[in-house]
Amino acid sequence: MLHLDSLISQSISDACNELFGFRPDEKQISIQSTRSEFQGERTVVVFPFTRLAKKSPEETGDAIGKYLVEHQEVVTDYGVVKGFLNLSISDKYWATALSSAVLEKNCFGLQPLGSKPQVMVEYSSPNTNKPLHLGHLRNIFLGYSVSNILKAAGHDVVKVQIINDRGIHICKSMIAWQLYGGGETPTSTGEKGDKFVGRFYVAFDKQYKIEISELLASGYDQKTAEADAPILLAARELLHKWEAGDSDVRELWSTMNGWVYDGFKFTYTEMGVDFDKLYYESDTYLIGKDQIEKGIESGAFIRREDGSVWIDLTDVGLDEKLLLRKDGTAVYMTQDIGTAILRFEEYPNLDRQVYTVGNEQEYHFKVLFEILAKLGLSQASRCHHLSYGMVELPEGKMKSREGTVVDADDIMAEMKTTAEQLARDAGKLENIPEEDRESLFKDVGYGALKYFLLKVDPKKSMLFDPAASVDFIGNTGPYIQFNYVRARSVLRNAGIDDVASLSPISPVHFDDTERSLLMSALSLPGIIEEAAKSYDPSLVANLCYDITKSYSSWYQNHPILNEEDDQVRTARLALCALSSSAVQIGMSLLGVSMPERM
RNA sequence: GGCCCUGUAGCUCAACUGGAUAGAGCAUCGCAUUACGGAUGCGAAGGUUUGGGGUUCGAAUCCCUACAGGGUCACCA
C-alpha cells in the first residue's frame with residue numbers, strides 16, 4: 001500500500017464517522033490508481049459505504065470528496081464518476097514523497113533486518129544423480145529470490161538445501177560405476193562432476209531395462225522382472241551395506257557424492273546463488289526413523305505383519321502412506337520427517353519453514369504436514385510448501401528419454417553467448433573494455449534468463465520458448481537493464497555523486513506522465529511486502545517492468561539535463577534517480593545484477 | 001476412476017485478490033531520429049475472459065455444471 005493511501009484511508013474513515021456516523025473497516029476502503037481517462041491519481045470505491053450512509057453512490061462520493069478536500073491537505077480536488085471518487089493529489093505531496101524516497105537511496109523500500117520473524121527457505125535440493133535442468137533453474141531462482149524478498153521485508157532468512165545423498169538412487173550410480181567405470185574419474189575424463197555421475201545413473205537404467213526384458217522373455221511377469229533384475233538387486237545390496245556402515249561402500253559413496261557437489265557448486269556460483277546451511281539426508285534419516293518409532297508407540301503409526309510401517313490418513317481424506325519399508329530401510333518421507341524436526345530444533349526462533357518444491361509434490365507435502373500434526377508437533381502449521389508449476393517447452397514436456405531436457409549449464413552458456421552476439425550486432429562491443437565483457441555478458445544473459453523465469457506467477461506452469469527468452473526487447477530483463485543504464489548515464493553526466501543531495505525537492509508541477517512514473521516507483525515498498533506475504537517474485541518483476549516502461553516513455557519527451565528551470569531540473573533528476581534505484585533494488589531481489597554500462 | 005491445479009488477443013503473460021471501457025510484450029501494419037545512450041518512443045489492428053447457469057450495485061476473479069489441458073494417487077525421489 002502506498003503511504004499516500006494510508007493517509008487517504010484514515011481521512012475517509014474520519015469522513016464517514018463525521019458525515020454518516022460510522023467507521024468503515026479497513027477492508028471496505030479500496031483505493032486504486034485512477035484510470036488515465038479521468039482526472040486525478042487515486043480512486044476510492046464508494047459502493048461499500050452507500051448502504052450505511054443511506055445515500056446514493058454519487059451523493060456519498062460527493063460528500064466524502066468535499067470532506068477530503070477540506071480536511072486532508074494532500075487532496076486538492078475530486079470528481080465523482082458513477083460510484084468512483086477520483087482524487088487529485090497536490091504537487092507538494094508528490095515533491096515531499098519524492099524527496100524522502102530519494103533520501104533512502106539504496107535502502108528504499110527495505111525494512112530493517114530482523115524486524116520480522118525468522119524464516120527458513122529451502123530450495124534447489126536436486127537429485128544428485130541427474131544434472132540440473134531448466135526446471136531446477138525455476139526452482140533455484142524462485143527460492144533465492146523469495147529469500148531476498150523476505151529479507152527485504154525484514155525477516156531474518158536462513159537459506160537451506162536438503163541433499164538427498166543416500167538411498168537407492170545413489171546406489172544405482174555407484175553400482176554402475178563399479179561395473180562400467182573402469183576406475184575413471186571426472187578429473188581423468190575432464191567432465192563436470194555431476195554430469196560424470198549422471199552418466200552412470202543413465203548406464204544403470206539402460207542395463208536395468210535390458211535385464212527386465214530378458215527376464216520377461218524367460219517367462220517372468222512384469223512386476224517380478226522389475227523387482228528381481230540382477231543389477232537392481234546389486235544396488236539394494238549396496239544400500240544395505242551402506243546402512244550397515246560398510247567402510248568400502250561408504251568411501252565410494254562419499255567420493256562419488258564429492259564429484260557431484262563439485263559440479264553443482266560450479267553451477268551455483270555461476271548463477272550467483274548460495275545457501276546458509278546444507279542438510280544431508282544421511283544425517284537426518286535416522287532422526288526420522290526415531291520419530292517413526294515414537295509414532296508407533298503413540299499409536300499414530302501402524303507396523304504391519306511384514307514389518308513395514310504405515311500411517312493411515314484416510315480420516316483427513318488422504319491415503320495410507322508407507323513410512324518404512326519391510327526391510328526397515330527409510331523412504332523419502334522418513335528423512336523429510338527427520339529434517340523438519342531437526343530444523344526447528346536447530347533454529348529455536350524459527351517462525352516458519354518454506355519448501356520450494358514443484359507442484360507435482362503437492363500431495364507429498366500435504367501428507368508430510370499431516371504426519372507432523374499426527375505426531376503432535378506444533379511445527380506442522382508452520383510449514384509451507386511453495387509450490388511452482390512446470391516449465392514446458394514448445395514441443396511439450398521435457399523428457400529425458402526423448403532427449404528434450406534442457407541442461408542448466410548449457411542454457412546459461414547459451415544466454416551468455418547470445419548477450420555477446422546481440423551487443424556485437426548493436427555495435428556496442430567496442431565501447432566495452434575487454435576486461436568488463438565477461439561479467440557484462442553474464443549480467444545480461446543470466447539476467448534475461450532469471451527475469452524470464454521469475455516474471456510469471458510461480459504457481460502457474462509456464463512455457464519456455466528459447467527464441468523468446470533470449471529476446472532483449474519488450475518485457476525482458478535486458479530491456480530493463482538498458483533503461484537503467486541510460487538513467488545512470490544521465491545522473492553521471494549531471495555530476496551527481498550522491499543522489500541524496502537532490503533533496504529537498506520543490507513542489508514543481510508534475511504532469512500525468514510524471515505522476516504515474518512516481519506512483520509506480522513509490523509502490524516498491526508495498527509490493528515488496530506483498531511479494532513477501534505471497535512468496536511471489538513475479539509481483540516485483542512486473543513492477544520493475546512497469547517502472548521501466550513509464551520511465552522510458554517519460555524520458556522520451558522530458559528533457560532532464562537540458563531543462564532550464566533549476567527546480568524542475570532537480571525534480572526530474574530526482575525522479576530519474578528514484579526510478580533507477582527502485583528498479584535496481586527490485587531487480588536485485590530477483591537476483592539480477594544491473595550493469596552500469598552496456 | 002478419486003483428489004488437486006489451470007483455462008484471458010494468433011503466441012507469451014498481466015489485471016492491485018469482487019471494482020469503471022480486461023491491460024502489456026511478441027508477431028502484423030503505420031509514424032517519429034540535428035536527441036540527456038534509438039538495445040527507443042508513439043499509434044493502428046487484435047477479446048462473448050472455454051461453454052452454460054447462479055450469487056449482487058458490480059464477476060476474468062466467488063458458487064454450481066459441462067468441456068479441454070496438466071499433476072497426483074509407488075516398499076521411486
Side-chain angles (χ1 to χ4, degrees), chain A residues 1-2 30-35 37-38 43 45 47-48 50-51 57 81-84 86 125-130 164 167-170 227 281 306 308-310 317-319 321-327 329 331-333 335-336 358-364 366 387 389-390 392 394 397 422-423 425-428 431 444 452 455-457 459-465 467-469 471-476 478-479 481-483 485-494 523 526-527 530 534 538-539 542 545-546 549 552-563 572-573 576 597-598:
Chain A
M1 190 196 232
L2 238 41
S30 156
I31 302 172
Q32 51 191 289
S33 295
T34 303
R35 298 181 70 100
E37 62 266 37
F38 299 114
T43 292
V45 184
F47 288 107
T50 52
R51 181 175 295 174
V81 182
K82 294 195 234 170
F84 299 89
N86 300 325
S125 307
N127 181 330
T128 50
N129 275 312
K130 296 178 188 165
N164 297 115
I168 188 72
H169 61 295
I170 303 279
E281 186 184 337
D306 66 0
S308 58
V309 178
W310 296 75
L318 304 172
D319 303 297
K321 194 81 191 169
L322 178 86
L323 300 176
L324 278 182
R325 296 194 186 94
K326 64 184 169 199
D327 62 3
T329 54
V331 290
Y332 186 45
M333 188 62 81
Q335 65 85 19
D336 259 349
N359 64 6
E360 73 274 13
Q361 293 200 43
E362 260 165 27
Y363 183 75
H364 171 79
K366 236 184 238 175
S387 164
M390 302 209 168
E392 277 159 29
K397 268 193 73 175
L422 282 160
D425 293 349
K428 305 249 173 184
N431 306 334
V444 175
F452 188 88
K455 74 175 176 191
V456 181
D457 183 347
K459 63 175 183 284
K460 292 190 176 174
S461 62
M462 65 175 294
L463 189 93
F464 184 84
D465 182 352
S469 67
D471 209 336
F472 288 6
I473 50 179
N475 188 354
T476 65
Y479 166 80
Q481 287 171 323
F482 171 70
N483 281 290
V485 164
R486 289 201 298 181
R488 295 292 300 166
S489 172
V490 171
L491 294 172
R492 261 199 312 274
N493 291 338
S523 53
I527 291 289
E530 209 177 309
S534 52
S538 75
L539 299 176
N542 287 328
Y545 178 63
D546 279 349
K549 224 158 54 71
S552 190
S553 153
W554 170 73
Y555 173 84
Q556 200 74 13
N557 44 27
H558 290 73
I560 304 169
L561 297 177
N562 301 332
E563 172 58 44
R572 288 185 181 169
L573 276 168
C576 174
R597 296 164 210 271
M598 67 190 277

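In what follows, chains carry the letters A, B, and so on, assigned in the order in which the sequence lines appear, proteins first and then strands, with residues in each chain numbered from 1. Because only heavy atoms are used, hydrogens play no part in the values below, and waters and symmetry mates are left out as well, while side chains stay in.
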>> Within the structure provided, determine whether F482(A) and M598(A) are in side-chain contact (heavy-atom separation under 4.5 Å).
In response: yes
> What string of B, S and - do you get for nucleotides 22-34 of chain B 5' to 3' if you count protein non-hydrogen atoms under 4.0 Å?
Replying inline: -SSS---------
>> Once salt bridge (charged side-chain N to carboxylate O under 4.0 Å, His left out) is applied, do any residues pair with E360(A), and if so which ones, sequence neighbours excluded?
In response: none
>> Going by the rule salt bridge (charged side-chain N to carboxylate O under 4.0 Å, His left out), which residues pair with R492(A) if we only count those two or more places apart in sequence or in a different chain?
In response: E596(A)
> For Y479(A), which contact category applies under a 4.0 Å heavy-atom criterion: base, sugar-phosphate, or nothing?
Replying inline: sugar-phosphate
>> Going by salt bridge (charged side-chain N to carboxylate O under 4.0 Å, His left out), name the residues that satisfy it together with K459(A), two or more places apart in sequence or in a different chain.
In response: D457(A)
> Could you give the NE2-to-C1' distance, from H558(A) to rG37(B), as a whole number of Å?
Replying inline: 19 Å
> Where the side chain of W310(A) is defined as all heavy atoms beyond and including C-beta, which of rC75(B), rA77(B), rU21(B) is the nearest nucleotide?
Replying inline: rC75(B)
> To the nearest angstrom, how far is L318(A) atom CG from rU72(B) atom C1'?
Replying inline: 12 Å
>> Just the rounded figure in Å: distance from C1' of rU21(B) to CZ of F84(A).
In response: 11 Å
> With no hydrogens and no angle check, do the side chains of N86(A) and T43(A) hold a donor and an acceptor under 3.5 Å apart?
Replying inline: yes
> Any idea which of rG19(B), rU21(B), rG37(B) is nearest the N493(A) side chain?
Replying inline: rG37(B)
> May F38(A) be described as stacking on the base of rA20(B), applying a 5.5 Å centroid limit and a 30° limit on plane angle?
Replying inline: yes
>> If I pick the C1' atom on rG7(B) and the same atom on rU61(B), what distance separates them, to the nearest angstrom?
In response: 13 Å
>> Of the options rA14(B), rA20(B), rG37(B), whose atoms approach the side-chain atoms of V456(A) most closely?
In response: rA14(B)
> Looking only at side chains, do S308(A) and W310(A) share a donor and an acceptor under 3.5 Å apart?
Replying inline: yes
What protein N or O atoms touch nucleotides 3-11 of chain B N or O atoms at under 3.5 angstrom, if any, and at what distances?
residue : atom : partner : partner atom : Å
rC4(B)  : O2'  : E362(A) : OE1          : 3.4

>> I'd like to check the salt bridge (charged side-chain N to carboxylate O under 4.0 Å, His left out) partners of R35(A); sequence neighbours left out, ordered by chain and number.
In response: E37(A)
>> Could you tell me how far apart K130(A) (NZ) and rA77(B) (C1') are, to the nearest whole angstrom?
In response: 8 Å
> Taking the same atom, P, in rU12(B) and in rU55(B), what whole-Å distance lies between them?
Replying inline: 35 Å
> Quick one: CD1 on I473(A) to CG on L422(A), what's the gap to the nearest 0.5 Å?
Replying inline: 9.5 Å
>> Restricting to side chain to side chain contact (heavy atoms under 4.5 Å, CB included), what partner residues turn up for N557(A), sequence neighbours left out?
In response: none
>> Are the side chains of N127(A) and N164(A) in contact, using a 4.5 Å heavy-atom criterion?
In response: no
>> From the set rC36(B), rG19(B), rU40(B), return the single nucleotide nearest to any side-chain atom of V490(A).
In response: rC36(B)
>> Going by the rule ring-ring contact (aromatic ring centres under 6.0 Å, His included), which residues pair with H364(A) if we only count those two or more places apart in sequence or in a different chain?
In response: Y332(A)
> Any stems for RNA chain B, made of 3 or more Watson-Crick or G-U pairs in a row, each with both distances under 3.5 Å?
Replying inline: B:1-7 with B:67-73, B:10-13 with B:23-26, B:28-32 with B:40-44, B:50-54 with B:62-66
> With F472(A), which residues qualify under ring-ring contact (aromatic ring centres under 6.0 Å, His included), at least two apart?
Replying inline: none
>> What contact category does I168(A) fall into here, base, sugar-phosphate, or nothing, at under 4.0 angstrom with non-hydrogen atoms?
In response: sugar-phosphate
>> A side-chain contact here means heavy atoms from C-beta on lying under 4.5 Å apart; do F464(A) and M390(A) qualify?
In response: no
> With respect to the side chain of N127(A), which nucleotide from rA20(B), rG37(B), rA77(B) is positioned closest?
Replying inline: rA77(B)
>> Can you list everything that forms a side chain to side chain contact (heavy atoms under 4.5 Å, CB included) with K366(A)? Sequence neighbours excluded, please.
In response: L318(A)
> Within less than 4.0 Å of OP1 or OP2 of rG38(B), is there a side-chain N or O belonging to R486(A)?
Replying inline: yes
> Say you pick atom C1' in rU56(B) and the same atom in rG51(B); how far apart are they, in whole Å?
Replying inline: 23 Å
> Expressed as a whole number of Å, how far does the P atom of rC26(B) sit from that of rG41(B)?
Replying inline: 8 Å
Got a list of protein N/O to nucleotides 57-63 of chain B N/O distances below 3.5 Å?
none

> So do I170(A) and T128(A) actually touch side chain to side chain, heavy atoms under 4.5 Å?
Replying inline: yes
> For the side chain of T43(A) and the base of rA20(B), is some donor closer than 3.5 Å to an acceptor across the two?
Replying inline: yes
> Any idea which of rG37(B), rU72(B), rA77(B) is nearest the E360(A) side chain?
Replying inline: rU72(B)
